[in-house]
Amino acid sequence: MPLQMPRPMKRKGTSFHQFVQRIPADVAAKVRGMKLAIPVGEGVANLIISEKAKDIRTSLRTRDPQEAKSRQAAAVAYLEGLWRSVREGPRRLTHKETVALAGEVYRAWTEPLEDNPGPVERWVRAEVENLRAEFGRRGRAALMILPDDERSIRSIEERVGGFSDALVAKRGLLIDAESCVGR
């Protein structure tokens with residue numbers, strides 16, 4: 001029997017369609033606190049699964065029933081991939097996957113600035129912050145008593161970790177600790 005796609009529903013008090021999907025019982029405990037980046041049209045809905053959540057809910061940000069169905073299908077596909085990743089457990093990224101994801105982070109960071117990169121001073125400050133992170137001299141890590149390589153890793157994580165985390169969440173990936181630090 002083919003999988004029946006649930007119809008988008010409307011929430012009382014709004015004319016936008018809403019996405020709702022129950023969290024499967026076998027993954028519920030493992031996904032508490034997980035950050036999600038559910039695709040919705042051209043953007044994403046960023047959510048964190050709470051301790052008490054029994055389902056995932058977000059606006060589909062459209063009033064059009066056909067568009068709502070399309071967005072519903074994309075959200076279902078994203079979550080099904082995520083549930084599969086959780087069931088399989090964290091995996092090690094290959095070098096090729098790591099480089100591809102790094103390229104996506106780079107493009108997401110640079111493309112908005114291609115037409116108008118702004119003043120030179122902004123880029124000098126960015127380079128200084130990058131170098132400080134590389135040498136473990138940025139953020140909270142600079143104040144920690146750690147070996148130089150560990151302090152460097154933590155500084156870089158503070159500097160660019162949010163970009164990487166957002167991309168990993170958007171892809172619904174569950175990766176192992178070694179993939180996170182590139183060791």
Side-chain angles (χ1 to χ4, degrees), residues 1-109 140 153-154 156-183:
M1 179 177 207
L3 181 66
Q4 182 78 18
M5 180 71 69
R7 288 195 331 251
M9 54 190 294
K10 286 196 179 177
R11 189 173 48 142
K12 189 176 181 177
T14 182
S15 58
F16 285 128
H17 291 275
Q18 184 179 33
F19 172 80
V20 179
Q21 187 185 73
R22 191 150 189 77
I23 299 170
D26 65 320
V27 300
K30 296 176 184 175
V31 299
R32 303 290 182 221
M34 186 176 280
K35 295 177 183 178
L36 306 180
I38 301 171
V40 179
E42 295 297 315
V44 295
N46 292 302
L47 303 171
I48 298 175
I49 301 176
S50 73
E51 288 297 318
K52 296 181 181 181
K54 298 203 181 319
D55 52 39
I56 306 297
R57 293 174 181 263
T58 190
S59 171
L60 292 172
R61 302 176 191 160
T62 185
R63 292 176 179 89
D64 178 21
Q66 287 306 108
E67 181 64 20
K69 285 181 183 181
S70 174
R71 291 179 181 193
Q72 174 97 0
V76 167
Y78 168 82
L79 287 172
E80 289 305 316
L82 179 66
W83 306 148
R84 184 175 48 255
S85 291
V86 170
R87 287 179 184 113
E88 293 170 357
R91 70 177 187 86
R92 176 80 188 238
L93 293 178
T94 66
H95 176 72
K96 184 176 181 178
E97 290 170 320
T98 303
V99 170
L101 289 171
E104 285 187 51
V105 169
Y106 173 80
R107 282 186 298 281
W109 195 73
R140 294 180 302 248
I153 288 168
R154 289 191 185 202
I156 292 168
E157 172 66 25
E158 278 188 52
R159 177 76 174 137
V160 298
F163 293 113
S164 303
D165 292 346
L167 182 64
V168 168
K170 187 176 178 182
R171 296 282 176 260
L173 297 172
L174 191 60
I175 57 176
D176 66 6
E178 270 126 41
S179 294
C180 292
V181 294
R183 293 183 183 166

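Because the structure is a prediction, the values reported are computed rather than measured.
For the pair G172 and S85, the tightest heavy-atom approach, listed with the atom from each and the gap, is O-OG, 3.2 Å. Nearest heavy-atom pair across A37 and Y78 is N-OH, 3.1 Å. Annotation for F16 and S59: closest pair CB-OG, 3.8 Å, computed over non-hydrogen atoms.
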Just distance, no hydrogens or angles: give the donor-acceptor pairs under 3.5 Å from side chains in residues 163-171, sequence neighbours left out.
| unit_1 | atom_1 | unit_2 | atom_2 | d |
| --- | --- | --- | --- | --- |
| R171 | NH2 | E104 | OE1 | 2.2 |
| R171 | NH2 | E104 | OE2 | 3.4 |

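Taking the side chain as every heavy atom from C-beta outward, I56 and I23 approach each other to under 4.5 Å. In this structure, L36 and L82 have side chains that are in contact, with non-hydrogen atoms separated by less than 4.5 Å. Contact annotation: the side chain of I38 never approaches that of V44 to less than 4.5 Å [non-hydrogen atoms, C-beta and beyond]. Residues D64 and H17 have side chains not in contact (no heavy-atom distance under 4.5 Å, counting atoms from C-beta outward). Within the 4.5 Å cutoff, the side chain of Q72 has heavy atoms near those of the L60 side chain.
Taking the centre and axis of the six-membered ring of F19, the NZ or CZ atom of R71 falls outside the cone set by 45° and 6.0 Å.
Tested against L174 for a side chain to side chain contact (heavy atoms under 4.5 Å, CB included), the candidates K30, M34, E88, R84 yield a single pass: M34.
Listed by chain and number, the residues in a side chain to side chain contact (heavy atoms under 4.5 Å, CB included) with R87 are P24, D26, V27, W83 (sequence neighbours excluded). In this structure E42 satisfies the side chain to side chain contact (heavy atoms under 4.5 Å, CB included) test with no other residue, sequence neighbours excluded.
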Test side chain to side chain contact (heavy atoms under 4.5 Å, CB included) on L93 and D176; report intermediate values, then the result. CA-CA 8 Å; L93 293 178; D176 66 6; over 6 Å; no
Using the rule given for side chain to side chain contact (heavy atoms under 4.5 Å, CB included), can you reason through K35 versus I49, listing the C-alpha separation, both sets of side-chain angles and the distance that settles it, and then say yes or no? CA-CA 7 Å; K35 295 177 183 178; I49 301 176; over 6 Å; no
Show your reasoning for whether side chain to side chain contact (heavy atoms under 4.5 Å, CB included) applies to V76 and Q21. CA-CA 8 Å; V76 167; Q21 187 185 73; 4.1 Å; yes
Apply side chain to side chain contact (heavy atoms under 4.5 Å, CB included) to the pair S15 and R63, showing each step before the final yes or no. CA-CA 6 Å; S15 58; R63 292 176 179 89; 2.5 Å; yes
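With E51 contributing its side chain and G33 its backbone, the two residues share no donor-acceptor pair below 3.5 Å. T62 places no side-chain N or O within 3.5 Å of a backbone atom of E67 that could act as its donor or acceptor partner. Distance alone, capped at 3.5 Å, is enough to place a donor-acceptor pair between the E97 side chain and the T94 backbone.
For the atom pair I175 CD1 and L101 CG, the distance stands at 7.5 Å (nearest 0.5 Å).
The 12-atom threshold is exceeded at CZ of R32, counting heavy atoms of other residues, nucleotides or ligands nearer than 6.0 Å.
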